[in-house]
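Below is one structure, written out as structure tokens; the observations come after it.
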There are 2 protein chains.
Amino acid sequence: MNIKMSDVAKAAGVSLATVGRVLHNNGYVSEDKRREIERIIKEMGYIPNRIAQGLKSSRSNIIGHLTLFNTNMQFKEISSAISAAAANSGYHVLTLTSHMGLGEEEQQINDLIGHRVDGVILTSYHSISKDLIGRLIENHIPVVMIERTYDMPMVDRIVVNDRASSLGAVRHMLEKGHRRIAFIGSKLGHQVEEDRYAGYLDALNEAGIVPHEDWVQVMPEYSIEAGRMAIDQLLRAGQPPTAIFMTSDIYACGVLQVLYERGLRVPDDLSLIGYDNTLSALLSPPITSVGLPFKEIGDHALQLLLQRMNDQAALSSTIGIDPFLMDRHTVREWKGD
Amino acid sequence: MNIKMSDVAKAAGVSLATVGRVLHNNGYVSEDKRREIERIIKEMGYIPNRIAQGLKSSRSNIIGHLTLFNTNMQFKEISSAISAAAANSGYHVLTLTSHMGLGEEEQQINDLIGHRVDGVILTSYHSISKDLIGRLIENHIPVVMIERTYDMPMVDRIVVNDRASSLGAVRHMLEKGHRRIAFIGSKLGHQVEEDRYAGYLDALNEAGIVPHEDWVQVMPEYSIEAGRMAIDQLLRAGQPPTAIFMTSDIYACGVLQVLYERGLRVPDDLSLIGYDNTLSALLSPPITSVGLPFKEIGDHALQLLLQRMNDQAALSSTIGIDPFLMDRHTVREWKGD
DNA sequence: AGCCAATGTGTTAACGTTAACATACTATTA
DNA sequence: TAATAGTATGTTAACGTTAACACATTGGCT
């Protein structure tokens, strides 16, 4: 079967301990034996059994990552960034995808505990309760939450300053002269969505504009179809908006499709800003979008995890992330009301 | 620390074996003890340590998945499908992403062996050599290759009938009356790309058309920019094509952008078919694309893996997958030459 | 010479789970 | 009545790795 340390030891005519010392580069081993053992290891293709190592050390070298199926693209990007960061630190990532509301999350938390992962990173609008996260903590598994966070002892957080960046994006429209600025977002209740909506209101407020209720389209889901319905409503309004701020690029897809069908052009007929910066570059035209620094988020998440592995009892820390405005010039100058 | 079987046994005043019998539902346990032990397990929150189980059984319940960074979207979809299929069978997936050409693949193969994964699924145009795959086989780890496959004993394969479906897609254009049909693909050498190109030629051949060399744009990468450059070239041709078949939706993004800028419309001015069906629904307009049955591919991959776990020595099997044409009406009727 | 530090090597008891084996008590049945 | 099958429970040796401990041997120092 698989070659083990004892096979190497036997082949080299030494004890397990000596092979161990060669493998870990510690203790005393005579130069010639070291070389011989190294040769044999390579020749036999010996690879340490991480399962046995894990049992001994109670560390699996695996990080668990819980995310949501079919979610906003931005979380897929964050997932990639986490994997990359983990690989750089010698960890591997076990990604579990939840389909929300099926009660599978409890199972998944148990699976992660069962596998004795060295830490867990949570993204997306998962429906994991504080209770379930508490279970991880009880088992001494560090937890980092991204975007959707709980205020719990021993749990570290990465929060994105969605409100400020939304404010910035809408301010950008105001600066170009727009006054009738619409909003397309997803069902409120998600912290992220509330923040983006709040930022939108902040900007209008700042400019002394009272948002017309027709301008605010809150959709039940992230989808192209939702985007299509939203723009359809907006175009129907008595005073249609001259610019639209959307909380996800996916809405922009639907919006652009409807505009394309009706022969309306961006930004000539309508100015647009999306959010995520995940799809915006693909579209016709590529649209201005609020971008999240995915790599930075992944790096910070891992860093928080490693930090807590070293000091389980430390106070919770929170890292704030600032999105940026990726300007692709889909907000035109607007003269008028 | 973590609760273990012996803690449960002690709390229940029984031996390890009895707790084991309750956990595995085998052997004889008196009804009252069983209930008492189950109660204690729940109360103490005991979760079996999979690492210890793995050491005993030499099975990790983890499947390794090797894929490529920044690749065609279709492989991300296949990855998701694999994870879903694995979850259904009680496995978890450890996904390793290679950046190709950095020689990190050897490390990754070793990592997978080290973790004693129960099987490995390979997707994408990875640069894993037969040698490295051989190392997995030597360690009795079943391997399934998707799309890019090797003919090796003990290695099972999933091949997509790209040639036939490309033929079908181009035939669809021919049937609508198009004669000047262009091709945008990626650098040949990838089997997948060669097949798609061959299918394109097959169709033209069938119709007795000799493809003009200006019509064939072979790009060095999958990117929007490549799509933009390709369409730019095609529009410059003396006799510009009336329809374009592309080997990836990502090219369609670039193509549509350039057409948008120039005020050309799809399919009025130009007919398009993409490939992947990953982005095509997002675009303006949504375009017809060759779709791959991702779920089916993931399910088959897992099935092959499980099959081989049961019979290591079986002959290699190959499953053929047929793509379908997702018609979004971006090929118009064409009267003329 | 006697002692100590440095060097080189081996033995063994964990880590948590599993399953083979052993033991013992009942209730049948020939 | 004694053998046997069925029920109920416990003991223990693995799985592969690690690290604490133990034991030698050498060389240099007082």
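To find a chain, count down the sequence lines: A is the first, B the second, and so on, and within it residues start at 1.
The interatomic distance linking B/R34 (CZ) with D/dT7 (P) rounds to 13 Å, in whole Å. B/R59 has its CZ atom 12 Å from the P atom of C/dT18, to the nearest Å. In this structure, A/N26 places its CG atom 15 Å from P of D/dT17, rounding to the nearest Å. Following rounding to the nearest Å, B/R50 (CZ) and C/dT18 (P) show an atom-to-atom distance of 10 Å.
Of the charged side-chain nitrogens involved, at least one lies within less than 4.0 Å of a carboxylate oxygen, so that A/R35 and A/E31 count as a salt-bridged pair. Using a cut-off of 4.0 Å between Lys/Arg side-chain N and Asp/Glu carboxylate O, A/E36 and A/K33 are scored as not salt-bridged.
In this structure the side chain of B/M309 reaches within 4.5 angstrom of the side chain of B/L305, judged on heavy atoms. Between A/N49 and B/R116, the closest side-chain pair of non-hydrogen atoms falls below 4.5 Å.
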Item to check | Base-contact (B) and sugar-phosphate-only (S) positions in nucleotides 8-16 of chain C, heavy-atom cut-off under 4.0 Å, - elsewhere | outcome: BBBB--BBB
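The one candidate from A/V117, A/L112, A/V93 that meets the side chain to side chain contact (heavy atoms under 4.5 Å, CB included) condition with A/I62 is A/V117.
Of all the heavy atoms in A/R148 and A/M145, the pair that sits closest is O-CE, 3.2 Å.
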